[in-house]
There are 2 protein chains.
Amino acid sequence: MANSQRTARYRELAAALRAEVRSGVYSEGGRLPSEEALAVAHDVSRGTVRQALALLRAEGVVTSRRGTRRVVLEQPRVQSFAALSSFTRWARSLGEEPGGAVVASQWRAADAVEAERLRLAAGARVLWVLRLRTLGGEPVMVERTVYPEPVGELVASLPPDAVSVTEGLEAHGVVLADADHTLDLTLADAEDARLLDCPLAAPLLRERRRTSDPTGLPVEWSEDRYRAGTVAFTVHNSLATTALARTRGDA
Amino acid sequence: MANSQRTARYRELAAALRAEVRSGVYSEGGRLPSEEALAVAHDVSRGTVRQALALLRAEGVVTSRRGTRRVVLEQPRVQSFAALSSFTRWARSLGEEPGGAVVASQWRAADAVEAERLRLAAGARVLWVLRLRTLGGEPVMVERTVYPEPVGELVASLPPDAVSVTEGLEAHGVVLADADHTLDLTLADAEDARLLDCPLAAPLLRERRRTSDPTGLPVEWSEDRYRAGTVAFTVHNSLATTALARTRGDA
DNA sequence: TAGTGGTCTAGACCACTCG
DNA sequence: GAGTGGTCTAGACCACTAC
């Protein structure tokens, strides 16, 4: 049942260093100790230290350059993968009260785009769900999600007023491991306007997201539309790590 | 002058594997050979193979899970850091004709936000530049950039019709290494509307970006506003690598 | 020239998946 | 139980920075 695996040492070390940066032990613009010094201090090999630092590097907590010690960057805002996959967890991490209700839901045949994104055959049976998400009671986002058949069965079995679908899925052993997000802008259609209580054609920030499990199998394909001013997305990238692209609109 | 350092083996290996995935040697949803097999085939140690695979992992090219071989994911759209830092390079990578012109430019004292973002003292002298960017002659984006003094001197020395500022800076030895991007939505003000040839209060996709050099020193702080439908941003993230955050709007 | 991060090796053990 | 990826070690050499 439980997850009894010990946390890797490099993750513990990364967490410790992250906390030290946050608490000001290493100040912004300052330098970290050398890898060798960290290895001795924490009684691990240099390889383990480097694994920990690679994590912080990808998060934008520190830079690195051959020849000089690592530089502490400004405190970035990076969230765990879990907080990104789950509206509920995101809201809680903000200290806000998340709400969610299923507005409509139906089994239907996947259209061409959905089938392609979920790697299903065209016309495969999928569960389509329309949800309204609120923050502190205020409508913030409209979510239209499509689930492939086996996952859909689980979702359908959840109570319709379940606040967190993600947590419901996890309870059934579904593991989310990878996500691709595409961010652009769209205008509110009649349904959006009604649900979000905004004018027709009001601008909305659109996030299209495909989430997969560790085997690469798509678990959900979702289009979320946020009211203007309610959300922003932040990305860190660098010469060493890039997972960001700018693309021509739609296409 | 030239950059004579050899490419690291793991980067060569990553490039080779990337090419093989792209060319269909390993098909989508298929499995990669084991790390051990790759090590033998390419005559490197397993550690080097793992470094290469870590790159592909961060890019979303392959997944990984203990116990089974790596799975090839759908071909992701990831761009080099250079293509993200430079409008010109991005446009070229699309096969479109980039254009850019300085609309206005002035030395002035940094305001509170600019000073904070560039890590300068409040009131420090900065170069502010307003540019209009076009794609195939069509106005696409308005860019308002602030440079700290030394970088500003270089920018000011470039010809005002220089298409690529980034390349101009690189020619003077400025290296861009890290960037933070915040994406949200805003409305066109009078200046935006005039330059982009769109209605007042038309929705625009806003990217605020701070780019730093390898020592962590901010090199530019920019607010770019794209016309609706001209651009989208794509991000890949995973349990292993997260560099993405969703934040409350503005705040 | 000393110190530091980048690359690479060879080997070990473990946790997990799957037949 | 065999195969595979995840973690960790100990050591080596190199490229680059800074003094």
Side-chain angles (χ1 to χ4, degrees), chain A residues 1-15 17 30-58 61-72 173 175 177-178 213-217 238-241, chain B residues 1-15 17 30-58 61-72 173 175 177-178 213-217 238-241:
Chain A
M1 178 117 306
N3 191 338
S4 64
Q5 53 187 308
R6 262 187 44 254
T7 305
R9 299 240 255 169
Y10 75 91
R11 289 189 184 279
E12 289 177 348
L13 177 51
L17 292 172
R31 308 250 155 170
L32 241 47
S34 71
E35 296 177 353
E36 181 57 28
L38 287 170
V40 170
H42 293 87
D43 195 27
V44 294
S45 75
R46 193 182 153 213
T48 301
V49 170
R50 284 184 60 80
Q51 270 188 289
L53 291 173
L55 278 185
L56 301 186
R57 183 76 190 72
V61 175
V62 299
T63 14
S64 58
R65 197 166 49 130
R66 191 153 32 191
T68 61
R69 295 210 182 151
R70 288 164 192 271
V71 175
V72 178
V175 177
D178 277 273
D213 74 8
T215 70
L217 202 68
S238 72
L239 269 176
T241 327
Chain B
M1 178 117 306
N3 191 338
S4 64
Q5 53 187 310
R6 264 188 40 255
T7 306
R9 300 265 280 273
Y10 76 91
R11 289 190 184 278
E12 289 177 348
L13 177 51
L17 292 172
R31 308 249 155 171
L32 241 48
S34 71
E35 297 177 353
E36 181 57 27
L38 287 170
V40 171
H42 293 88
D43 194 29
V44 294
S45 75
R46 192 181 152 214
T48 300
V49 171
R50 284 184 60 79
Q51 269 187 291
L53 291 173
L55 278 185
L56 301 187
R57 183 75 191 75
V61 175
V62 298
T63 13
S64 58
R65 197 166 50 128
R66 195 161 20 199
T68 61
R69 295 211 182 150
R70 289 165 191 271
V71 175
V72 179
V175 177
D178 278 272
D213 74 8
T215 70
L217 203 67
S238 72
L239 269 175
T241 325

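Computed over heavy atoms, backbone and side chain alike; hydrogens, waters and symmetry mates excluded. Letters go in sequence order (proteins before strands), and every chain restarts at 1.
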Inset, instruction - With sequence neighbours excluded, tell me which residues meet side-chain hydrogen bond (donor to acceptor under 3.5 Å, both in side chains) with B/Arg11. - result: none
Legend entry - Rounded interatomic separation in angstrom, taking CG from A/Leu32 and C1' from C/dG3: 16 Å
Inset, instruction - Quickly work out the B/Glu35 CD to C/dA15 P distance and round it to whole Å. - result: 17 Å
Legend entry - Length of the CZ-C1' vector between B/Arg66 and D/dG6, whole Å: 5 Å
Legend entry - Residues forming a side-chain hydrogen bond (donor to acceptor under 3.5 Å, both in side chains) with A/Ser238, sequence neighbours excluded: none
Legend entry - C/dG3 phosphate, OP1 or OP2, under 4.0 Å from A/Arg69 side-chain N/O: no
Inset, instruction - Nearest whole angstrom, please: distance from the P of D/dG3 to the CZ of B/Arg31. - result: 17 Å
Inset, instruction - Consider the side chain of B/Thr68, meaning its heavy atoms from C-beta on, and name the nucleotide among C/dC18, D/dG5, C/dG6 that approaches it most closely. - result: C/dC18
Inset, instruction - Let me know the distance between CZ of B/Arg65 and P of C/dC16, rounded to the nearest Å. - result: 12 Å
Inset, instruction - Using the test side-chain hydrogen bond (donor to acceptor under 3.5 Å, both in side chains), find all partners of B/Arg57 that sit at least two apart in sequence or belong to another chain. - result: A/Asp178, B/Ser64
Legend entry - Qualifying residues under side-chain contact (heavy atoms from CB on, under 4.5 Å), relative to A/Val72, sequence neighbours excluded: A/Val21, A/Tyr26, A/Leu32
Inset, instruction - Would you mind reading off the distance between B/Leu53 atom CG and D/dT7 atom C1', rounded to a whole angstrom? - result: 16 Å
Inset, instruction - Return yes if some donor-acceptor pair links the side-chain N/O of B/Thr7 with the main-chain N/O of B/Glu12 below 3.5 Å, else return no. - result: no
Inset, instruction - Look at the side-chain N and O atoms of A/Arg70 and state whether any lies under 4.0 Å from the OP1 or OP2 oxygen of C/dG6. - result: yes
Inset, instruction - For the pair A/Leu38 and A/Leu17, evaluate side chain to side chain contact (heavy atoms under 4.5 Å, CB included) and give the outcome as yes or no after the intermediate values. - result: CA-CA 10 Å; A/Leu38 287 170; A/Leu17 292 172; 4.1 Å; yes
Legend entry - B/Arg31: partners by side-chain hydrogen bond (donor to acceptor under 3.5 Å, both in side chains), with sequence neighbours left out: none
Inset, instruction - Mind calculating the distance between CD (A/Glu36) and P (C/dG3) to the nearest angstrom? - result: 12 Å
Legend entry - Nearest-Å distance for atom pair CG/C1', residues A/Leu38 and C/dT4: 12 Å
Inset, instruction - Using a 4.0 Å heavy-atom cut-off, write out nucleotides 8-13 of chain D from 5' to 3' as B (base contacted by protein), S (sugar-phosphate only) or - (no contact). - result: SB--B-
